[in-house]
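Read through the structure below, which is laid out as structure tokens, and then see the notes.
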Amino acid sequence: MKISVNGEVRVFHGDPRTPLLDVLRDEFRLTGSKAVCGEGFCGACTVYVDGEPMMSCLQPVGVLGETEITTIEGLSTVDELNSVQQVFEDFDVVQCGMCFPGMVMTLTSYLKTNPAPARADVKSALTGNICRCTGYERIIDAVMSMQQTDLETAQ
Ligand code: FES
Ligand code: FES
């Protein structure tokens, strides 16, 4: 079957029940999406299916049809990080890093719908993403700083 990932059509010959996450990581070598719980609890495997965040460990590839998949590799280039990735790096919030691809995917999507969230909004947006290392306060601090930077840039 054909699967469009990050703007490129790829071919998968295996079982249509295979989770998208396994196809991305094991067949297409797109290992940015992380396999942590494998059961839809942690958010580390989050990708976009037609622009909507989904947990790829729960998505059999056979049901995707002609959708467009975007992974963390599709959000940035070698030369330029996505703005959420950049602020995470600036705030040095990444520890083991297993949760961060999913966090970046979730927050990037969320900030498009709410570019000036309150602290509680960011916390709420991250309820499906579990981090066991950094703690959420620093992550939220980093996201909140993006708004200050935007305001300073606009002045
Ligand atoms: S690996 Fe998919 S939600 Fe945890
Ligand atoms: S940095 Fe390790 S789980 Fe979040």
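Every number for a ligand or one of its atoms is a count from 1 in the order of the listing.
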Where ligand 1 meets [X] - atom numbers and elements under 4.0 angstrom, heavy-atom basis:
X	answer
Met55	3 (S)
Cys57	1 (S), 2 (Fe), 3 (S)
Cys45	1 (S), 2 (Fe), 3 (S)
Gly43	3 (S), 4 (Fe)
Val36	1 (S)
Cys42	1 (S), 3 (S), 4 (Fe)
Phe41	3 (S)
Gly40	3 (S)

Taking every non-hydrogen atom, the tightest pair across [X] and [Y]:
X	Y	value
Ser33	Ile72	N-CG2, 4.0 Å
Leu64	Gln59	CD2-OE1, 4.1 Å
Thr70	Asn6	CA-OD1, 3.3 Å
Tyr48	Met105	OH-O, 2.5 Å
Pro19	Cys57	CB-O, 3.6 Å

With rounding to the nearest 0.5 Å, note down the distance linking [atom1] in [X] to [atom2] in [Y].
X	Y	atom1	atom2	answer
Ile3	Leu20	CD1	CG	6.5 Å
Cys45	Arg25	SG	CZ	10.5 Å
Leu75	Glu80	CG	CD	12.0 Å

Ion pair Glu73/Arg29, N-O distance below 4.0 Å: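 No salt bridge links Glu73 with Arg29.
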
Which of the numbered atoms in ligand 2 are under 4.0 angstrom from any heavy atom belonging to [X]?
X	value
Gly97	1 (S), 2 (Fe)
Thr134	1 (S)
Gln95	1 (S)
Phe100	1 (S), 4 (Fe)

Sub-4.0 Å heavy-atom contact, Val94 with ligand 2: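 Heavy atoms of Val94 never come under 4.0 Å of ligand 2.
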
Residue Cys37, metal atom 2 (Fe) of ligand 1, N/O/S under 2.8 Å: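 Looking at Cys37, which is the residue asked about, there is no N, O or S atom under 2.8 Å from atom 2 (Fe) of ligand 1.
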
Arg132, CZ: over 12 other non-hydrogen atoms inside 6.0 angstrom: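 12 or below, so no.
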
N, O or S atom of Cys133 closer to atom 2 (Fe) of ligand 2 than 2.8 Å: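 Yes.
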
Heteroatom N/O/S of Cys99 within less than 2.8 Å of atom 2 (Fe) of ligand 2: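 Checking Cys99: none of its N, O or S atoms is under 2.8 Å.
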
Identity and distance of the protein heavy atom lying nearest atom 3 (S) of ligand 2: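 Nearest protein contact, heavy atoms only, for atom 3 (S) of ligand 2 is Arg132 N, 3.2 Å.
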
Protein heavy-atom partner closest to atom 1 (S) of ligand 1 - residue, atom, separation in Å: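 The closest one turns out to be Gly38 N, 3.2 Å.
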
Metal site atom 4 (Fe) of ligand 2: N/O/S of Cys131 inside 2.8 Å: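 Given the 2.8 Å cut-off, Cys131 counts as a ligand of atom 4 (Fe) of ligand 2.
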
Evaluation steps, side-chain hydrogen bond (donor to acceptor under 3.5 Å, both in side chains), between Asn82 and Ser76: CA-CA 5 Å; Asn82 158 287; Ser76 58; over 6 Å; no

Distance-only donor-acceptor check, side chains Gln86 and Asp90, under 3.5 Å: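 Yes, because at least one side-chain N or O of Gln86 sits under 3.5 Å from a partner of the opposite role on Asp90.
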
